[in-house]
Amino acid sequence: MTGWLRRWRGRHVVDMQWRELQARVVAQQETRRRQLAGQSALVARLEELLYRHDPIGLNFGHNADEYRPEAETITLRIPEAATEHDLQRIVHEEFVHWFGSDTAGPEARYASITREFWEIYRESA
């Protein structure tokens with residue numbers, strides 16, 4: 001097989017994998033949107049809170065929606081939280097899920113975010 005054909009086939013496989021990944025991401029986003037029906041205000045409040053506290057350094061001043069997926073998955077898990085500490089564990093677990101443990105850092109990093117969001121959540125319940 002010639003070099004150019006090998007490179008083309010490799011790129012074709014990568015393109016196919018990329019399209020499959022994109023389709024999965026879009027499907028997951030749609031599933032979350034359906035599951036979060038009626039909770040958009042709560043998601044928006046958490047998204048703003050995460051952006052303001054910026055626990056992993058994604059706030060560049062122009063990308064306010066950067067924490068939307070995390071806000072959505074955290075909001076979906078709120079029913080698991082009986083206490084503020086439960087919520088802090090969930091927030092940390094979601095950041096570990098999305099970014100890995102090194103980037104997410106220690107659970108204590110999320111204490112102030114959780115404290116504020118717990119109050120918001122309790123007021124909205």
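Hydrogens, waters and symmetry mates play no part in the numbers below; they use all other heavy atoms, side chains included. Note that the coordinates shown come from a computational prediction; the quantities given were computed from them, not determined experimentally.
For the atom pair H92 NE2 and Y110 OH, the distance stands at 5.5 Å (nearest 0.5 Å). I113 CD1 to W118 CH2: the interatomic distance, rounded to the nearest 0.5 Å, is 16.0 Å. Distance check: E72 CD to S40 OG gives 10.5 Å after rounding to the nearest 0.5 Å.
Checked by atom type and distance alone, the side chain of Y51 never pairs as donor or acceptor with a backbone atom of L46 at under 3.5 Å. Counting only distance, with no hydrogens or angles, the side chain of S124 and the backbone of Y121 share a donor-acceptor pair below 3.5 Å. In terms of modelled atom types and a separation under 3.5 Å, the side chain of E70 and the main chain of F95 share no donor-acceptor contact. Under the 3.5 Å distance criterion, the side-chain polar atoms of D54 are matched with a main-chain donor or acceptor of G57. With hydrogens and angles ignored, the 3.5 Å screen pairs no side-chain donor or acceptor of R45 with any backbone N or O of I120. No donor-acceptor distance shorter than 3.5 angstrom exists from the side chain of N59 to the backbone of H53, with no hydrogens or angles considered.
A single hydrophobic cluster is seen to contain both V91 and I56, as judged by linkage of ILVMFWY side chains at heavy-atom distances under 4.5 Å, directly or through other members. No continuous path of hydrophobic side-chain contacts links V25 to I74 [ILVMFWY only; heavy atoms under 4.5 Å]. Under the 4.5 Å side-chain heavy-atom criterion for ILVMFWY residues, a single connected hydrophobic cluster contains both I78 and L50. Residues L42 and L36 fall into different hydrophobic clusters, defined by Ile, Leu, Val, Met, Phe, Trp and Tyr side chains chained together at heavy-atom separations under 4.5 Å.
Comment: E93 engages R89 in a salt bridge, judged by a side-chain N to carboxylate O separation of less than 4.0 angstrom. Here E119 does not pair with R115 in a salt bridge; the nearest charged N to carboxylate O distance is not below 4.0 Å.
With a 4.5 Å cut-off on side-chain heavy atoms, E80 and D86 do not count as touching.
The two residues R32 and P69 make their nearest non-hydrogen contact at NH2-CB, 3.9 Å.
Side-chain N/O atoms of E94 and T73 include a donor and acceptor closer than 3.5 Å.
The number of heavy atoms from other shown groups lying within 6.0 Å of CG (N63) is above 12.
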